[in-house]
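First listed ligand is number 1; within each ligand, the first listed atom is number 1.
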Amino acid sequence: MGYVDEVFEMVVKKNPAEPEFHQAVKEVLESLRPIIDQNEARYRKEALLERLVEPDRQIKFRVPWVDDKGQVQVNTGYRVQFNNAIGPYKGGLRLHPSVNIGIIKFLGFEQIFKNSLTSLPIGGGKGGSDFDPKGKSDREIMAFCQSFMNELYKYIGADVDVPAGDIGTGAREIGYMFGQYKKIRGVYEGVLTGKGLSYGGSLARTEATGYGLLYLTDEMLRCNGHALAGKTVAVSGAGNVAIYACQKAQQLGAKVVTVSDSNGWIYDPEGIDVALLKEVKEVKRERLTSYAAARKSAEYHEGKGVWSVKCDVALPCATQNELTIDDAKALVANGVIAVAEGANMPTTLEATQYLLDNGVLFAPGKAANAGGVATSALEMSQNSERLSWSFEEVDQKLKQIMVNIFHNMDDAAKRYGAEGNYVVGANIAGFEKVADAMLAQGVC
Ligand code: GLU
């Protein structure tokens with residue numbers, strides 16, 4: 001059995017009942033085959049892959065908090081510090097009932113390569129809780145966040161591990177967590193990113209993941225003889241990534257016709273009204289039914305269905321495994337040119353292969369959605385120098401980073417005989433730097 005297969009088999013055996021983690025490892029290891037084949041003897045002797053798939057540490061803790069009725073609730077908190085070969089652990093905190101250790105490990109593993117691709121000095125980590133923020137009062141959210149930080153503070157720090165937002169964790173949650181960290185530690189430092197602008201946050205961080213997704217998609221289309229302007233775009237999700245993906249797509253001259261949430265989806269042939277979407281989701285924190293009620297041109301449909309709409313570009317910005325083989329077939333049948341992942345691992349392995357086999361340009365999440373964490377790293381830089389940069393300066397840097405990511409993955413794919421396969425390109429480009437740093441730092 002080859003090295004890749006042996007390591008994958010070991011991962012499945014050692015981490016039972018963690019299908020998302022297996023999936024993320026499989027995708028990465030499969031696409032690293034060309035580089036591993038060339039270096040197999042050295043990597044085997046150094047147990048490089050075995051070290052790469054084993055987190056540095058996994059922290060799991062109890063999060064008790066009191067709800068508005070006076071009832072004590074208990075959730076589970078996680079932080080997986082996966083790899084700090086190239087910088088402090090960096091990655092978001094997901095608050096969602098689906099969170100378990102396998103989900104956090106898949107996200108943390110992806111984060112290693114994503115963060116490396118940004119070319120900034122950040123390692124990979126991820127955390128979160130099975131807490132469901134939906135329907136909770138502000139006071140309940142604060143109670144949870146403070147309790148979460150009462151344990152997490154022991155393991156993080158500006159040069160150690162810097163958490164941020166993810167699904168369910170936005171500016172409000174980061175604010176409560178930052179306040180509690182400061183109170184416990186008595187230290188004012190950039191220990192979290194995605195902070196509010198009045199206390200160390202970076203301009204353009206809110207927009208960064210969605211904007212970055214479009215900068216990379218635009219470059220990918222351009223380099224393959226297409227243009228984003230004039231294209232019809234389908235977006236899934238209605239959270240932070242989706243909202244700013246819609247906004248930037250429209251600024252670049254495309255028409256976005258869909259968004260979705262966990263209950264249903266919108267088809268708006270006139271183009272999504274981003275101001276209304278922001279009002280519904282960011283201000284009122286309501287469902288998409290409120291969007292449909294306020295806009296004549298919008299159709300609301302229950303359940304899933306975004307990928308059945310005819311589009312040139314598909315941007316899955318909701319959650320893992322939301323784009324299945326049937327969705328991929330529908331997209332191809334409708335003539336899709338490009339799929340770029342705004343969420344983490346939204347496309348199943350089977351669907352990804354189908355899209356690649358059918359000549360669809362496919363930008364994997366670890367490249368396409370890296371703009372969020374890249375801008376988090378820019379926030380860390382600003383915190384370290386105790387300065388804040390203008391929106392234009394951050395946005396300009398973000399754009400350059402995304403364009404560079406595209407070219408780095410494009411080059412890596414070409415170097416290893418897989419031209420146009422950006423899954424292979426992104427994984428190899430992300431891996432090269434981490435592998436080099438791990439080997440240089442010895443057995444640790
Ligand atoms: N949660 C985001 C991601 O998946 C951002 C992480 C960060 O800014 O640290 O990359």
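Between Phe82 and Phe109, the ring center distance clears the sub-6.0 Å criterion.
Protein heavy atom nearest atom 8 (O) of ligand 1, with residue, atom name and distance: Ser376 OG, 2.5 Å. In this structure, the protein non-hydrogen atom closest to atom 10 (O) of ligand 1 is Lys114 NZ, 2.8 Å. For atom 6 (C) of ligand 1, the nearest non-hydrogen atom of the protein is Gly92 N, 3.6 Å.
In Lys126, the part holding a heavy atom less than 4.0 Å from any atom of ligand 1 is the side chain. With a 4.0 Å cut-off on non-hydrogen atoms, Thr209 does not touch ligand 1 at all. By the criterion of a heavy-atom distance under 4.0 Å, the side chain of Arg205, and not its backbone, is placed next to ligand 1.
In this structure, Lys154 is not positioned above the aromatic face of Phe61 in the sense of NZ or CZ being under 6.0 Å from the six-membered ring centre and within 45° of the axis. Taking the ring axis of Trp389 as reference, the NZ or CZ atom of Lys397 stays within 45° of it and closer than 6.0 Å to the ring centre. Lys26 forms a cation-pi arrangement with Phe8, by the criterion of a distance under 6.0 Å to the ring centre and an angle within 45° of the ring axis.
Listed by first then second residue, pairs satisfying ring pair (Phe, Tyr, Trp, His ring centres under 6.0 Å) with a partner in residues 162-199 read Phe178-Tyr188, Phe178-Tyr199, not counting sequence neighbours.
Residue contact check: Lys90 has heavy atoms under 4.0 Å from atoms 7 (C), 8 (O), 9 (O) of ligand 1. Near Ala164, meaning under 4.0 Å from one of its heavy atoms, ligand 1 places the atoms 7 (C), 8 (O), 9 (O). Heavy-atom proximity to Gly165, at under 4.0 Å, picks out these atoms of ligand 1: 1 (N), 2 (C), 5 (C). Residue Asp166 has at least one heavy-atom neighbour below 4.0 Å for each of these atoms of ligand 1: 1 (N), 2 (C), 4 (O).
Using a 4.0 Å heavy-atom cutoff, Gln111 is listed among the residues neighbouring ligand 1.
The existence of a salt bridge linking Glu18 and Lys105 is confirmed by a sub-4.0 Å separation between a basic side-chain nitrogen and an acidic carboxylate oxygen.
Ala413 is linked by a side chain to side chain contact (heavy atoms under 4.5 Å, CB included) to nothing, counting only residues two or more places apart in sequence or in another chain.
Residue Asn344 is tested with Glu110, Lys366, Lys114 for a side chain to side chain donor-acceptor pair (under 3.5 Å); the sole match is Lys114.
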